[in-house]
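Protein chains get the first letters and strands the later ones, always in sequence-line order, with residue 1 at the start of each. Keep in mind it's a predicted model, so treat the numbers as computed, not measured.
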2 protein chains.
Amino acid sequence: MTDFYRAISDPIRRRTLTLVSHKELTQSELVANFSISQPALKKHLAILIEENLITERRDGRYCFYRLKREVFYDHYQKLQHELGSILENKLVKLKDYLEEDNNGESH
Amino acid sequence: MTDFYRAISDPIRRRTLTLVSHKELTQSELVANFSISQPALKKHLAILIEENLITERRDGRYCFYRLKREVFYDHYQKLQHELGSILENKLVKLKDYLEEDNNGESH
DNA sequence: ACATCGTATAACCTTTTGGTTATATGATAA
DNA sequence: TTATCATATAACCAAAAGGTTATACGATGT
């Protein structure tokens, strides 16, 4: 299942996304940034791949990862829309209230 | 621990936030919007309260919930900053590259 | 006074999450 | 060719997440 919220809910995955947004990095380079084991980070990478947020490129014994910026951007846009609408609801309510002619009613 | 990402990672909680952003609602009104049990929704509400995203107000046998818009806004701002910076990194890189005088170097 | 309604809580279950260690495999450097 | 390095994978574990049913409790309508 595709779940952007799940992907970004973990701080290690968010940091990983930041790291691979600067440049393509190998798995061991990434591991060096955390205090977790290589298999543990591999699982985080697997989740990011599963959510289609990063690419994996094999070159010899190295494995390079980088951000799929367009995909991340699309998901981020949707998230902004969803969360943004939660914030805007009150404004919409206020707008509706002002536009209706019930200004004399209570509360 | 305060974790906005955790709070918004569940679709039921996101929908709950939307619902209580329109108007103050009772627990049973909220439950009616989902196909989960009352104790299950209660747990979601407890998490939203724990993350300080909603208020709980008791009135007789009713319990009203509503969005703490300012708190939600602050967390949302931070999230936007964090995720937004992931997207901007490439632009920053390009800017740095152009500003430095290493334009003749490879890759 | 009593039934009912809204909420709270306990006990329990399954699946997911996030980690570990041990070990295998495949590419490369000496 | 042999040791080493980077990655993959299996087996395991504890805790968290998300749900259930049963039941208790307090407020309210009849």
Side-chain angles (χ1 to χ4, degrees), chain A residues 1-20 22-68 75 79 82, chain B residues 1-20 22-68 75 79 82:
Chain A
M1 216 256 273
T2 156
D3 188 352
F4 182 59
Y5 289 95
R6 171 206 184 205
I8 63 167
S9 68
D10 188 277
I12 289 185
R13 288 198 287 274
R14 289 197 297 276
R15 180 120 185 265
T16 299
L17 288 171
T18 299
L19 290 169
V20 299
H22 290 99
K23 59 177 289 207
E24 210 178 34
L25 291 173
T26 70
Q27 195 175 301
S28 50
E29 283 173 328
L30 286 169
V31 169
N33 282 274
F34 304 99
S35 49
I36 60 174
S37 65
Q38 173 258 324
L41 185 66
K42 183 74 208 310
K43 285 189 189 177
H44 286 298
L45 291 170
I47 288 171
L48 293 174
I49 289 168
E50 187 187 338
E51 305 296 345
N52 201 30
L53 291 170
I54 61 172
T55 58
E56 190 180 44
R57 181 176 65 86
R58 197 68 192 252
D59 185 7
R61 59 178 164 177
Y62 297 97
C63 208
F64 290 90
Y65 298 89
R66 82 178 163 76
L67 182 67
K68 285 182 107 172
H75 284 299
L79 176 146
E82 186 172 10
Chain B
M1 215 256 271
T2 156
D3 188 352
F4 183 61
Y5 289 95
R6 170 205 184 206
I8 63 168
S9 69
D10 188 278
I12 288 184
R13 287 197 288 273
R14 289 197 298 274
R15 180 121 184 265
T16 299
L17 288 171
T18 299
L19 289 168
V20 299
H22 291 99
K23 58 177 292 207
E24 209 177 34
L25 292 173
T26 69
Q27 195 175 302
S28 50
E29 284 173 327
L30 286 170
V31 170
N33 282 274
F34 304 98
S35 49
I36 61 173
S37 65
Q38 174 258 326
L41 186 65
K42 182 79 206 311
K43 286 188 190 179
H44 286 298
L45 291 170
I47 288 172
L48 292 175
I49 289 167
E50 187 188 338
E51 304 297 343
N52 201 31
L53 291 170
I54 61 172
T55 58
E56 190 179 44
R57 181 175 66 86
R58 197 67 191 253
D59 185 8
R61 59 178 163 177
Y62 296 96
C63 207
F64 290 91
Y65 298 89
R66 80 177 165 76
L67 181 68
K68 286 183 108 171
H75 284 300
L79 176 145
E82 187 172 10

Practice item. With rounding to the nearest 0.5 Å, note down the distance linking CD1 in A/Ile47 to CD1 in A/Ile12. Key: 10.5 Å
Study note, to complete from the structure: Those residues at least two apart in sequence (or on a different chain) that pass side chain to side chain contact (heavy atoms under 4.5 Å, CB included) with A/Ala32 are none
Check your understanding: With sequence neighbours left out, what residues match B/Glu56 under side chain to side chain contact (heavy atoms under 4.5 Å, CB included)?
Key -> B/Lys42, B/Ile49, B/Cys63, B/Tyr65
Practice item. Return each pair, listed once, that meets salt bridge (charged side-chain N to carboxylate O under 4.0 Å, His left out) where at least one residue sits in residues 25-36 of chain B; pairs must be two or more places apart or across chains. Key: none
If you restrict it to nitrogen or oxygen atoms, what contacts under 3.5 Å exist between nucleotides 12-18 of chain D and the protein, and what is each distance?
unit_1, atom_1, unit_2, atom_2, d
D/dA17, OP1, B/Arg6, NE, 3.1
D/dG18, OP1, B/Asp10, OD2, 3.3
D/dG18, OP2, B/Arg13, NH1, 3.1
D/dG18, OP2, B/Arg13, NH2, 3.4

Check your understanding: Quick one: ring pair (Phe, Tyr, Trp, His ring centres under 6.0 Å) partners of A/Tyr5, sequence neighbours excluded?
Key -> none
Revision key, fill the gap. A/Thr55 meets the side chain to side chain contact (heavy atoms under 4.5 Å, CB included) criterion, sequence neighbours left out, with A/Arg66, A/Lys68
Expected rows: protein N/O vs nucleotides 6-8 of chain D N/O, under 3.5 Å:
unit_1, atom_1, unit_2, atom_2, d
D/dA6, O3', A/Arg61, O, 3.3
D/dT7, OP1, A/Gln27, N, 3.3
D/dT7, OP1, A/Cys63, N, 2.8
D/dT7, OP1, A/Cys63, O, 3.4
D/dT7, OP2, A/Ser28, N, 2.6
D/dT7, OP2, A/Ser28, OG, 3.1
D/dA8, OP2, A/Gln27, OE1, 2.7
D/dA8, OP2, A/Lys42, NZ, 3.3
D/dA8, N7, A/Gln38, OE1, 3.4
D/dA8, N7, A/Gln38, NE2, 2.9
D/dA8, N6, A/Gln38, OE1, 3.2

Exercise for review: With a 4.0 angstrom cut-off to heavy atoms of chain A, pull out the first and last contacting nucleotide of DNA chain C, in 5'-to-3' order.
Suggested key: C/dT17 to C/dA29
Practice item. Provide the full list of salt bridge (charged side-chain N to carboxylate O under 4.0 Å, His left out) pairs with a residue in residues 9-20 of chain B, sequence neighbours left out, each pair given once. Key: A/Glu82-B/Arg14
Revision key, fill the gap. B/Arg57 meets the side chain to side chain contact (heavy atoms under 4.5 Å, CB included) criterion, sequence neighbours left out, with B/Glu24, B/Asp59, B/Phe64
Check your understanding: Quick one: side chain to side chain donor-acceptor pair (under 3.5 Å) partners of B/Thr18, sequence neighbours excluded?
Key -> none
Check your understanding: In chain order, what residues pass the ring pair (Phe, Tyr, Trp, His ring centres under 6.0 Å) check against B/His44, with sequence neighbours excluded?
Key -> none
